[in-house]
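One structure below.
This one's a predicted model, so the numbers in the text were calculated from it and none came from an experiment.
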Amino acid sequence: MKRTLSPVKGALLAALAVAASLPLFAQNVPAQAKPEQTKQTVVQKVESKQDAAKDGAKTAQTAVKDAAKDAAKTTAEVKEAAAPAAAAPAEKKEVKKAEEKNPFKATFWALLPPLLAIILALITKEVYSSLFFGILLGGCFAANFAPLKTVDLLINNGLIEAVKATSGIFLFLVFLGAMVGLINRSGASAAFGKWAQTHVKSRTGAIFTTFLLGLLIFIDDYFNCLTVGSVMHPVTDAKKISRAKLAYIIDATAAPICMIAPISSWAAAVSQYVNSKQYSGLELFVKAIPYNFYSLLTILFLAGITLMKLDYGPMAKHEKNAMENGDLFSGMKNSSLVSEQTERGQGKVIDMLIPLILLVGLCVFALLYVGGILKGKDLVTAFGDTDAAVGLPWGALAAIILAIFYYGFRKVIPFRKAVECLPQGFITMVPAILILTLATSLKNMTELLHAKDFVSAAIGGAAPGLTRLLPVVIFLVACFLSFSTGSSWGTFGLLIPITIAVFPNTDPLFFVGISACLAGAVCGDHCSPISDTTIMSAAGAQCDLIAHTSTQLPYALTVTAVSAIGFLLAGFIKSWFIVFPITVLILAVVLCAIKFVQKSQAE
């Protein structure tokens, strides 16, 4: 490597060179000059050279000082530039050290924020503040009670990330609200209600009609919740069925039917979490269906209480008020999707059916399109690769545009009046959007606290000694985790890999364990007031969220108890065509017992 002289050394060498050159001037004096002249000339030259040497020395000293200043300045700049680089590892070490010292992460404390929100919601009957306090507690735990970091996590990791994650569903809600507003403004809803009064003869008929429509829309639970509620509430209102009962019917046929339908967004989600060398995700999903006791029994339970005309718990009060007093809400707030329109068109039943057929057809096409069916993928693969948060708003927007032109062509609604329904759709969906945002933020806080790691470690430690009991243990753990976090997809996304690791592919309990994950996720989702499906069911039925949760809970817990017995038996019998009929028989006995007790109390 080449060496270079520093400014200081260069100045010193220059000064020495000037000083060393002085004797040379004396030697170069001409010999022919006279002694005096020579002496005088020499003296002058020497003086001149001395002056020049002094000037050179001063210049050298100045150069040395300037070089020293520059060197000191450069050294300071280097130190200043190196300071952040040196501080960065120290800061990382401090952050890492603080995280390691956080006593709330990956412990039972991580589940406390959602539990607090649920308890407050059930006690206060007010969901907004309950969810916010849960989010705030989660932020405090994640930041280890550092004030600024708590606010930072609450805003960035909580609310902003929640809006990003659910923006597609927000759009779908707004578009659906606009579609419902269009149908109401056209007068088609009122026409359908009059038709239902003459063609649907009884309350049982109205419930079964709603039930069957819910079974038919098995593609996506969000789509199911909002579509069934929008279509059927005029029918159920005409037969004096409470909105709480309508919300339960919607909820009982949304996630459960999606969980046992191979072509659905839920099947696609489950397939993504499966990492098995022997089975594909869809194949594993199909083989697990017969053991999904909760989903199957929920559908049978709904059919049973409808045929037996049985209601109990808070639901009995709501149904009594609806039948005897015509109070569909039992004094609770009417959470309508759309405000009552004073001006209506002269629409007919066909004017409701055409837009809804467009909505369903275009949403199905959009889901397949987003999944890549036009790129050569088959039907099942396209559903597996689709994204409901993109496909549903895609189809809903297209349906709204066509519906506006349809109503204009039919001269049912003027164009200007139809466009007014678009902002109204956003306004009326604000409560559902706000609740969904807060619920998703709460889920984000539990993820920051690594609640899933705590549950995973608990199951992994208990698994070796509970081989036969593991299905029922997985089911109950999935129920609790889904109930606490409000996320069924997050629950089976965590537990499916654990179950695959615990059970060999050749073990009959392999499919039982997978079904226990899925059934428990749906069960906890049904019971939780912070679940997105629960929120959507209440919004679709235009029912108060707390009223829906409190009336549905006894029904869900009844099916949960019977399902737990089924998974307990499956751990020993390992045959669904023996265990499932037993669970159906147990459920029938339970319903008959409840009916008998009610008759005894009435007498």
Side-chain angles (χ1 to χ4, degrees), residues 118-119 122-123 125 202-208 210-211 236 239-253 256 293-332 472 475-476 479-480 483 519-520 522-524 526-529 534 537 541 543-544 546-569 579-603:
I118 293 168
I119 293 171
L122 294 176
I123 293 175
K125 310 296 183 184
S202 63
R203 298 181 83 252
T204 303
I207 292 174
F208 265 115
T210 309
F211 174 59
T236 57
K239 299 303 176 185
K240 296 184 178 180
I241 297 171
S242 67
R243 291 298 178 88
K245 186 64 172 287
L246 175 61
Y248 173 68
I249 298 170
I250 294 171
D251 213 349
T253 55
F293 299 134
Y294 183 83
S295 297
L296 296 170
L297 291 176
T298 296
I299 296 172
L300 294 178
F301 176 85
L302 178 55
I305 62 173
T306 302
L307 291 173
M308 298 173 65
K309 298 180 180 178
L310 173 64
D311 285 299
Y312 57 94
M315 186 71 80
K317 175 186 175 182
H318 280 255
E319 284 291 270
K320 183 178 180 181
N321 287 338
M323 287 186 288
E324 296 180 358
N325 306 321
D327 181 7
L328 302 178
F329 302 94
S330 290
M332 303 293 285
V472 68
F475 172 70
L476 295 176
C479 289
F480 177 73
F483 176 80
V522 175
C523 175
H526 264 185
C527 298
S528 177
T534 303
S537 298
C543 172
D544 181 78
I546 301 303
H548 169 46
T549 304
S550 60
T551 53
Q552 178 173 257
L553 192 59
Y555 291 0
L557 291 178
T558 302
V559 181
T560 301
V562 179
S563 300
I565 296 173
F567 284 113
L568 181 62
L569 294 175
V579 177
F580 182 63
I582 294 175
T583 58
V584 174
L585 180 62
I586 295 173
L587 182 62
V589 171
V590 171
L591 292 180
C592 290
I594 295 173
K595 186 72 173 179
F596 177 77
V597 171
Q598 283 188 342
K599 285 186 176 181
S600 300
Q601 291 177 348
E603 294 175 356

task = Side-chain contact test, heavy atoms from C-beta onward, threshold under 4.5 Å: evaluate it for Q552 versus M315 and give yes or no.
result = no
ask   = Looking at residues at least two apart in the chain, or sitting in another chain, which of them share a side chain to side chain contact (heavy atoms under 4.5 Å, CB included) with A247?
value = A541, C543, H548
request  = Go through the structure and list residues passing ring pair (Phe, Tyr, Trp, His ring centres under 6.0 Å) with F567, not counting sequence neighbours.
outcome  = F293, F475
task = Evaluate the criterion side-chain contact (heavy atoms from CB on, under 4.5 Å) for residue pair Y294 and H526; output intermediate values, then yes/no.
result = CA-CA 11 Å; Y294 183 83; H526 264 185; 3.0 Å; yes
inquiry  = Suppose we screen for side-chain hydrogen bond (donor to acceptor under 3.5 Å, both in side chains). Which residues come up paired with T210, at least two apart in sequence or across chains?
reply    = none
task = Can you measure from NZ (K240) to CG (N325) and round to the nearest 0.5 angstrom?
result = 9.0 Å
request  = Rounded to the nearest 0.5 Å, what's the gap from OG1 on T534 to CZ on F483? Could you check?
outcome  = 10.0 Å
For F580, all residues meeting ring pair (Phe, Tyr, Trp, His ring centres under 6.0 Å), sequence neighbours excluded = none
Residue pair C527 / A556: nearest heavy atoms and the distance that separates them = SG-CB, 3.7 Å
key: Contacts of type side-chain hydrogen bond (donor to acceptor under 3.5 Å, both in side chains), residue S537, not counting sequence neighbours   = D251
key: Contacts of A206 that satisfy side chain to side chain contact (heavy atoms under 4.5 Å, CB included) - sequence neighbours left out   = V200, V235, K239, I241
ask   = From L328 CG over to M323 CE, what is the distance, rounded to the nearest 0.5 angstrom?
value = 11.5 Å
remark   = With sequence neighbours left out, the residues meeting side chain to side chain contact (heavy atoms under 4.5 Å, CB included) with K317 are N321
Qualifying salt bridge (Lys or Arg N to Asp or Glu O under 4.0 Å) pairs, either residue in residues 293-312, two or more places apart = K245-D311
inquiry  = Once rounded to the nearest 0.5 Å, what's the spacing between atom CG of L297 and atom CG of L587?
reply    = 5.5 Å
ask   = Going through the checks in order, is the side-chain contact (heavy atoms from CB on, under 4.5 Å) test met by T298 and L302?
value = CA-CA 6 Å; T298 296; L302 178 55; 5.8 Å; no
request  = Measure the shortest side-chain to side-chain distance between F301 and L591 over non-hydrogen atoms and say whether it is less than 4.5 angstrom.
outcome  = yes
key: Shortest non-hydrogen separation from G566 to V579 and the atoms involved   = O-CG1, 3.4 Å
query = For the atom pair CD1 (I305) and NZ (K595), what is the distance rounded to the nearest 0.5 Å?
reply = 11.0 Å
message = Suppose the criterion is ring-ring contact (aromatic ring centres under 6.0 Å, His included): which pairs have a residue in residues 583-603, not counting sequence neighbours?
response = none
key: For the student: nearest non-hydrogen atoms of A564 and V472, plus distance   = O-CG2, 3.5 Å
ask   = Quick one: OH on Y248 to OG1 on T551, what's the gap to the nearest 0.5 Å?
value = 10.0 Å
Pairing residues for I582 by the side chain to side chain contact (heavy atoms under 4.5 Å, CB included) criterion, not counting sequence neighbours = L569, I578, I586
Pairs touching residues 557-568 that satisfy side-chain hydrogen bond (donor to acceptor under 3.5 Å, both in side chains), sequence neighbours left out = Y312-T558
inquiry  = Donor-acceptor check, side chain of S528 to backbone of G524, threshold 3.5 angstrom: yes or no?
reply    = no
